[in-house]
J.: 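Quick one: structure below, then a few questions.
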Amino acid sequence: MAFAGRSVELKRILESENIGLKEFREACFQGLDEAGLRPKCWRILLNCLPPQPARWSETLASQRKSYQQWVQELIIYPGEGQDDEEQRHDITQDDHPLNPNPQSNWSAYFKDNEVLLQIDKDARRLYPDMCFFQRPTDYPVKMDASGNITAAEYLRKRIDRCVLKSAAVVKNRSGGWNISGVSRKRTEYENLSESEEAHWEVVERLLFIYAKLNPGQAYVQGMNEIIGPIYYTFSTDKDETFREHAEADTFLCFTNLMGEIRDRFIKHLDESASGIVSSMNNLMDLLKSTDHVLWTCLEGMDLKPQYYSFRWLTLMLSQEFALPEVLRLWDSLFADAERFDFLLYICCSMLVLIRDQLLEGDFATSMKLLQNYPNPDIHKILVKATQLRKSRQIATGGSVTGIMIG
Amino acid sequence: MAKRSYDLLFKLLLIGDSGVGKTCILFRFSDDAFNTTFISTIGIDFKIKTIELKGKKIKLQIWDTAGQERFHTITTSYYRGAMGIMLVYDITQPKSFDNIAKWLRNIEEHANEDVEKMLLGNKCDMEDRRAISRERGEDIARQHGIRFLETSAKANINVERAFYELSEAILDKGPNKDKIPEAQPLPKPRSELSKCCN
C-alpha cells in the first residue's frame with residue numbers, strides 16, 4: 001500500500017472506539033514515518049495508552065501525575081528543598097551526613113550520587129552527532145512556585161557536590177597539604193541559563209528516577225540508548241498537547257519496555273533463559289539453521305557472537321544505525337507481538353545480507369563489518385527478516401503467524 | 001586477497017572505569033583524531049592498526065571494552081587472548097584511580113600470566129582539574145612492576161608512545177613464548193586472610 005494510503009488507514013484505525021490491536025499492529029509494522037503518527041502509536045504499542053481512545057485523557061492524567069510526584073520526591077536531597085516545614089525539621093534533627101545508620105537519608109543520598117555520576121557521563125554523550133540533545137527543552141520541570149528553580153538544577157548541584165567531595169588532598173613540594181579543588185564551570189552545560197534544561201538533562205533525570213524506583217537494576221550503560229529514541233520521538237511530536245508531556249510519557253513507555261527486556265541488563269541473569277547469553281545463543285542457532293555455510297565460516301574464524309551481537313541485542317540495534325533508521329526499525333519491532341523473537345530474525349537477516357563479504361573476509365575485516373554495519377537498508381533488512389521467520393515457521397511445521405512487510 | 005601483509009599479530013586490550021577515555025585513546029591512535037563526545041562503549045569495540053617496529057610489520061588488533069561492572073562477565077573473556085593490556089584511569093577522577101587494584105585483580109584472574117601490562121593516567125592536559133598526582137601514578141605502577149605513562153588523547157600526549165612501548169615489550173619477549181617463570185607473589189593462604197577479621 002502506498003504511504004498516503006497507509007496513513008489514512010492508520011488514522012481510520014485510531015479513530016475507532018475500540019482499536020483492533022491486530023489490525024493496528026499490522027499497520028504500524030509497515031512504518032510510521034509519515035503523518036506524525038509515531039508518537040501516538042508507540043504510546044499504544046508500549047502500553048502507555050489503552051486501545052480505547054475514550055480512556056486516554058484520564059489514563060494520561062493519572063500517569064503523568066504519578067511521574068510528577070516521583071520527580072518531586074526523588075531528586076531533592078535530604079535537608080533541603082521541601083516546602084513542608086515539618087519534614088525539613090525532621091531530617092535535620094535526626095539525620096546528618098555522618099549518620100552510620102544504613103536507613104539514613106544521607107547514606108542513600110551518597111549511594112545515589114554514584115549512580116547519578118554514571119548516568120551523567122552517559123546522558124551527556126547521547127547521540128553526540130545530533131544537536132537536539134544539547135538544546136534546551138521547552139518544558140523544563142519547575143520545582144518551586146516562582147518557577148525559577150528547575151529540577152535539572154538540583155541534579156547539577158548534586159553532581160557538582162560529588163565532584164567537589166572527591167577533590168584530592170595533594171602534598172605540595174614544601175611538605176604542606178593542598179586541596180586541589182575541582183570546580184565545574186558553568187560552560188560545561190552548553191551555556192544554558194539556570195532556568196533552562198537541555199534535553200540530555202531531561203534524559204538524565206528520567207534515568208535517575210528509573211534507577212531510584214528500580215534499585216535492583218539501578219542504571220546500566222546502554223539504557224540511555226534505549227530511552228533516547230523514545231524521548232526524541234515524543235519530544236518532537238507535532239501535537240503540542242502531547243509534546244509537553246514527552247518526559248512523563250517517555251518514562252512510562254521506557255518502564256514498560258524495560259519490563260520486557262530488563263533481564264538482558266542484569267549480570268547475574270546472563271545465563272538464564274531471558275538473559276543476554278541465551279539470546280546470543282538463540283541467534284547463533286537461528287543462523288546455523290538458516291545459513292549453515294555462514295555459521296561455519298564465523299565459527300571457523302572464532303568470531304564469537306558477543307563481539308557484535310551483545311550490543312545488537314542489548315540495545316535493540318540503536319547504536320548500529322542513524323536515528324531515523326532506528327525509529328523505522330523500532331516501528332516494526334514494537335508492532336510485532338513477538339517483538340524480541342523478531343529481533344533475532346532481524347539480526348539474523350543482517351548477517352545473511354552481508355554473507356558474501358563475511359565469507360570472503362578474514363577475522364579483522366569481518367569484525368569491522370559487523371561493528372560498523374555497511375549501507376543499512378532497513379526496508380531490505382525487515383523484508384528479509386519476515387521471510388526468514390516465515391520459512392522457519394514452515395520448516396518447523398508451525399503455523400505462519402508473523403506480520404509481513406507489505 | 002593479499003594474505004599476511006604483516007609479520008606479527010599482537011592482540012591488545014584496553015580496560016578501566018567508564019568515562020576515563022579508553023575509546024578516545026584508541027581513536028587518537030588509530031585515526032589520529034580526537035572527539036570529546038563518544039557514545040559509551042557497550043560490550044566491546046575493535047580496531048586494527050599496523051605499525052613498524054624494529055624492522056617488523058606488526059598488526060595490532062586492539063579491543064576496547066566497556067567500563068561498567070555489568071559488562072565484566074562479557075569483557076573478561078577477552079583477557080585470555082590478550083598479549084598486552086592497557087589499564088586506563090582518569091587523573092581528574094579519583095575513583096577511577098582507586099579502582100586500579102580491582103582491575104589488576106581482574107587481569108590476574110583472567111589474563112595470561114605473561115601478559116604485558118601498562119598503566120595510563122589519561123586526561124593529563126586537564127591540569128586545573130587534576131586530582132591524582134603523577135607521583136601517585138608512578139608509585140602504584142612501581143609497586144606492581146608495570147609500565148606507566150600519563151597521556152592525553154585530546155592534546156595527543158604519549159598516546160602513540162604508549163602503544164609502541166607496549167608493543168615493543170611484547171616483541172622483546174620473543175615469539176616462542178618460552179615462559180620463564182617469574183617470581184610471582186604467592187597467593188595468601190585462606191587462613192591468613194580470615195584471621196584478621198575475627
Side-chain angles (χ1 to χ4, degrees), chain A residues 114 117-118 120-122 124-129 134 162-163 166-172 180-185 217-222 224-225 265-268 270-271 276-277 280 302 304 306-315 318-319 360-365 367-368 370-372, chain B residues 1-6 9 11 17-21 23-24 35-50 59-64 66-75 77-78 81 90-98 126-136:
Chain A
E114 284 186 22
L117 276 179
Q118 178 68 61
D120 186 66
K121 277 180 202 158
D122 290 346
R124 282 168 187 275
R125 47 182 174 168
L126 184 62
Y127 286 97
D129 304 333
Q134 307 300 323
C162 7
V163 175
S166 60
V169 181
V170 185
K171 201 167 192 175
N172 64 24
S180 63
V182 186
S183 66
R184 288 227 182 179
K185 292 183 195 84
Q217 298 163 70
Y219 170 72
V220 178
Q221 286 192 298
N224 57 329
E225 306 279 349
F265 285 85
I266 300 175
K267 200 166 110 182
H268 67 261
D270 278 352
E271 311 282 339
I276 186 70
V277 174
M280 291 190 292
D302 201 23
K304 296 194 171 75
Q306 58 263 42
Y307 297 166
Y308 56 94
S309 70
F310 179 87
R311 190 174 74 198
W312 288 10
L313 295 166
T314 310
L315 305 183
S318 71
Q319 265 189 7
E360 229 173 69
D362 58 2
F363 177 85
T365 50
M367 265 302 286
K368 277 192 176 165
L370 292 171
Q371 292 220 326
N372 310 285
Chain B
M1 188 174 45
K3 285 247 162 183
R4 297 241 336 177
S5 50
Y6 55 91
L9 174 72
K11 292 180 188 175
D17 278 11
S18 84
V20 297
T23 305
C24 289
N35 192 340
T36 44
T37 45
F38 262 116
I39 50 177
S40 38
T41 308
I42 304 299
I44 194 134
D45 244 321
F46 174 86
K47 285 228 190 278
I48 292 273
K49 173 140 176 162
T50 307
K59 188 166 176 176
L60 301 179
Q61 201 182 78
I62 312 162
W63 298 81
D64 176 20
Q68 206 185 12
E69 169 76 25
R70 185 264 169 273
F71 302 103
H72 289 184
T73 38
I74 304 292
T75 51
S77 62
Y78 310 109
D90 173 353
I91 67 151
T92 72
Q93 297 283 338
K95 189 90 195 287
S96 71
F97 184 77
D98 297 340
M126 296 169 96
E127 211 44 68
D128 57 325
R129 282 173 55 185
R130 178 190 282 275
I132 303 296
S133 70
R134 197 196 157 80
E135 289 73 28
R136 286 185 69 192

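None of these values were measured; they are calculated from a predicted model. Throughout, a chain's letter reflects where its sequence line sits, starting with A, and its residues are numbered from 1.
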J.: Under the side chain to side chain donor-acceptor pair (under 3.5 Å) test, which residues partner B:Q68, sequence neighbours left out?
T.: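 With neighbours one apart ignored, the set is empty.
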J.: Any idea which heavy atoms bring B:S40 and A:N224 closest together, and the distance?
T.: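 Here B:S40 and A:N224 meet closest at OG-ND2, 3.8 Å.
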J.: Roughly how far, to the nearest 0.5 Å, is the CG atom of A:L315 from the CD1 atom of B:I39?
T.: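 CG of A:L315 is found 8.5 Å from CD1 of B:I39.
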J.: To the nearest 0.5 angstrom, please state how far the NZ atom of A:K267 sits from the NE2 atom of B:H72.
T.: 6.5 Å
J.: Among B:G67, B:G43, B:S18, which has the most heavy-atom pairs under 4.5 Å with chain A?
T.: B:S18
J.: I need the minimum non-hydrogen distance between B:G19 and A:R125, along with the two atoms involved.
T.: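 The pair with the smallest heavy-atom distance is N-NH2, 3.9 Å.
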J.: Do you know which of A:Q221, A:K121, A:Q319 has the most heavy-atom pairs under 4.5 Å to chain B?
T.: A:Q221
J.: What part of A:I266 gets within 4.5 angstrom of chain B, counting heavy atoms only: side chain, backbone, both, or neither?
T.: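 For A:I266, the backbone is the part near chain B, not the side chain.
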J.: Need one label for B:D17: side chain, backbone, both or neither, based on atoms under 4.5 Å from any heavy atom in chain A.
T.: neither
J.: Heavy-atom cut-off 4.5 Å, strictly under: side chain, backbone, both or neither for A:F363 against chain B?
T.: side chain
J.: What is the ring orientation for B:F71 with A:F310, classed by angle as parallel under 30°, tilted 30 to 60°, or perpendicular over 60°?
T.: perpendicular
J.: Using a 6.0 Å cut-off, check whether atom NZ of B:K11 has over 12 heavy atoms from anything other than its own residue.
T.: no
J.: Locate the shortest heavy-atom distance separating A:R311 from B:D45; write the atom from each residue and the value.
T.: NH1-OD1, 3.7 Å
J.: Between B:Q61 and A:M367, is any pair of side-chain heavy atoms under 4.5 Å apart?
T.: no
J.: Taking the inter-plane angle between the rings of B:Y78 and A:Y307 on a 0 to 90° scale, is it parallel (under 30°), tilted (30 to 60°) or perpendicular (over 60°)?
T.: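 B:Y78 and A:Y307: tilted rings.
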J.: Identify the heavy atoms of A:Q371 and B:I44 that sit nearest to each other, and give their distance.
T.: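 For A:Q371 versus B:I44, the nearest heavy atoms are NE2-O, 2.9 Å.
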